[in-house]
Undergrad: 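So that we are looking at the same thing, I have put the structure below in structure tokens.
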Amino acid sequence: MNVAVAKPNRANKLKSTRIAGGLVNDYWNMVWRAKAEGKLICWYEGSAINPFLQAADICWVHGEAYSAMLAARHQEGPAQQAAEDRGYMKELCSYARTHLGCAISNQRNRNDTDTGVSNAPDDSDLASKLPPPDMIISAYAYCSTGQQWDEMTSRVFGKKIPIFNVSIPWIWGSKKDARYLHGREWEESSKYVARQLMDMVKFIEERTGKPYPWDRLREMMGQVKRASELRLEAMDMCTARPAPASFFDWVVSIAPINNLPVGPEIVSYFQTVRDEVAARVGAGEGAVPKEKYRLFFDGIMNWNKVGWLAEKFAAYDAAVVVGRYTHMAFWQEPDLIKASDPVLGMAQNYLICPNNHSAPILIDLIMDLCRKYEVDGMVIHASRTCRAFTNPQFLIADAATKRLGIQTSMFEGDVTDESFYKDELLNSRVEAMLESIDARRMVAA
Amino acid sequence: MKSFVMGIDFGSTTAKTVILDLKGRVVASNVSHMGAVSGDGLKASIAGALEEAGLSQADVGRVVSTGYGRRMIDVADKNFTEITCHARGAVAMTPDARLVIDIGGQDSKVIAVDSNGLVAQFAMNDRCAAGTGKFLEVLARAMEIKLEDMGAIALQAEETLKISSMCATFAETEVISLLAEGKTKPNVLGAVHAAIASRTLGLIGRVGKKGPVVMTGGVAKNPAAVHHIQLALGMPVILPKDPQTAGALGAALLALDDYRAEHKKELALAEDDDVDQLMGVARNCAPGCKGVADAVAKLAPTVEAPPPSKANSLWKRVQSHI
């Protein structure tokens, strides 16, 4: 392979995903106005409990989403600096560090408490614009940092913010009857989380002082289910060659399924995306103009590098067609959701966060995706401050090599702290993997 | 048609150049030390190799580059990563090798190669420089000894100490602390080299331990590093004669493949004796290299045009070789 390409091919991104940008802006503007409009505000991390909150007219702020938004806009620096000034070290989850920095910046500007922060950003900065919470709900699968993050947030606000914890147990999958979505452990864990969600609803009722609007939740979960079905249908169409959409298109589409307001808009969004993908399949149009390689992406997104990475892989004629982060998360099992009685299905979707499975189940799922999308290789992003996602990656790489005979390549980066990313390391590793694929193809020819 | 090809490994601290003739024989090689990815070092290396071969750049038909600075070389026709080139070069130097350990100035890598000499799996150090040539350079400076003397001094160690830090900078701090405690330089250096071996073993674990093992890169010239890696591995490590030039040799072999494929008709018309020798090279890529040869051989049937009629008998002989 000669990588000294004069004019590298550009990523042919889905046009329909541009709509997501407008939806995202509308949502954050709503969040920034919420306090002035007298709304209760809930901060939460991890699981997508936002429909529970939205139904009760509570403004919801997903911590990772806010940090990711700052990183995607390259405005994460002031928040991260504020957190580090407060003593939160660089090795702490950068989602948490960025979000805590927002809390600290907000408090500093409000002069509510002495945080000891120096050089915090001013009011015009997005970090300090994040409205403070009236409640915190912690519902994090797999991530031990999540609950501590919420405790730290509460401390920043003077320990005056009530916290409700939902315990989402790890799925061990070690019993004889244990399979994906199957077995006694699965049934018991599902009911255990569902019971807690019912308690969470009581907590919400206490905060709002109103009976919980179940009909509204049912209606919204019907919309989530439909949006998810359309999203998965569009993803499935990417088994076509060339793949009509890439992992990076699905990254851009995370917010609409994960934390934007539930309503007809998200159904319409995924219908539009699905239709564009179908049209591309019909026209033989690929997400990468000259698809030569098909790759699996393991790891969370580098939110400061979404466009950058999309262009980089396109320049290599590599279509990243599928990923753990995009294809194994975010209401990925809509069939579990009964719109008429949605709580159990919601609990189950929270349980199957891709990191919440034991390695054998997780790896089987990933290998199935690799086969389904006929990938030639796997690129692995080891997120420096999210070891929960990174922990099984050597096992995944080993399985990919031994079971599928495909090459893997690992690079280090991070979710929102770009200082952990070094371009040359990724270049060398990806190019070496692609050269290896080329050599094997030549031998096989 | 030209008679020579060139491989250049423009690394982080040295530039290496290898020139081959079209039979895959090394006619010249050069290693030039320099600052970080230095243009002067590169020029010196290329000029040194050309001078040794008695050639000018115009005599070279194809140039392939590798290393950190591989994209910066104007004379290069193509570039490949260090992984591909080191695997190719190491297997050419040691045909039976199944695991290549390459520790260079800025990174360390472990490459598993299959029976065809192709890259089966690889692992590289993360951004941290621990366990690389740079790591040794930093510590040599801290201990006020010459880099080239480190290995011999380390082998005099009598006490087992431990350097635990993964970071070159913190390791320097650890070394200074140990010296301040009165530990001897040989004992401290023994610990430094054991730490390198430990890091290397971690990379080997990611691709799977297998043998025979060959070691390339500048650190392969350090006897203490080799000693401790052998201890950690529990198996011998094969050292090629000139381990620093493995990447440049691999690049030169890729240039040879490319140039020969482009000129296969002219090569097929060569004299019988020469063809015999050429096919011997093609089967083996470079003297003694069996694996990559198969890749080259399997490419040969893709020739579209039939051989010239007068060379039919010769073509049959060629086919019998491949």
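Just so it is clear: chains get the letters A, B, ... in the order the sequence lines come, proteins before strands, and each one is counted from 1.
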Undergrad: Decide yes or no for R206(B) and M410(A): does some side-chain heavy atom of the first lie under 4.5 Å from some side-chain heavy atom of the second?
TA: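 Yes. Closest side-chain heavy atoms under 4.5 Å.
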Undergrad: What part of A120(B) lies closer than 4.5 angstrom to a heavy atom of chain A: side chain, backbone, both or neither?
TA: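 Both the backbone and the side chain of A120(B) come within 4.5 Å of chain A.
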Undergrad: Could you tell me whether the side chain of F122(B) reaches within less than 4.5 Å of the side chain of S409(A), counting heavy atoms only?
TA: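 Touching, per the 4.5 Å side-chain cut-off.
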Undergrad: Crowded around W308(A) CH2? As in, over 12 foreign heavy atoms under 6.0 Å?
TA: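 Open: at most 12 neighbouring heavy atoms sit under 6.0 Å from CH2 of W308(A).
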Undergrad: Hey, could you give me the CE/OG distance between M124(B) and S428(A), rounded to the nearest 0.5 Å?
TA: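 Reported value, rounded in 0.5 Å steps: 5.0 Å.
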Undergrad: With side chains defined as the heavy atoms from C-beta onward, is the minimum distance between L118(B) and M442(A) less than 4.5 Å?
TA: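 SC-SC contact between L118(B) and M442(A) ruled out.
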Undergrad: Rounded to the nearest 0.5 Å, how far apart are CD of Q121(B) and CD1 of I406(A)?
TA: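 The distance works out to 9.5 Å.
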Undergrad: Does a donor on one side chain sit under 3.5 Å from an acceptor on the other, for E435(A) and T81(B)?
TA: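 Short answer, yes.
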Undergrad: What option among T84(B), I83(B), V64(B), D258(B) has the most heavy-atom pairs under 4.5 Å with chain A?
TA: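 Option with the top pair count is T84(B).
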Undergrad: Does the pair D114(B)/R440(A) count as a salt bridge with the N-to-O cut at 4.0 Å?
TA: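 Yes, charged N to carboxylate O under 4.0 Å.
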Undergrad: So do the side chains of R70(B) and E431(A) get within less than 4.5 Å of each other, counting heavy atoms only?
TA: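 Yes, close enough: below the 4.5 Å cut-off.
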Undergrad: Heavy-atom count check: over 12 atoms from other residues, nucleotides or ligands less than 6.0 Å from K209(B) NZ?
TA: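 Enclosed: over 12 neighbouring heavy atoms sit under 6.0 Å from NZ of K209(B).
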Undergrad: Got a sec: does the NZ of K402(A) have more than 12 other heavy atoms crowding it under 6.0 Å?
TA: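 Atom NZ in K402(A) is not packed in, count stays at 12 or less.
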Undergrad: Are there more than 12 heavy atoms of other residues, nucleotides or ligands under 6.0 Å from atom CZ of R441(A)?
TA: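 Enclosed: over 12 neighbouring heavy atoms sit under 6.0 Å from CZ of R441(A).
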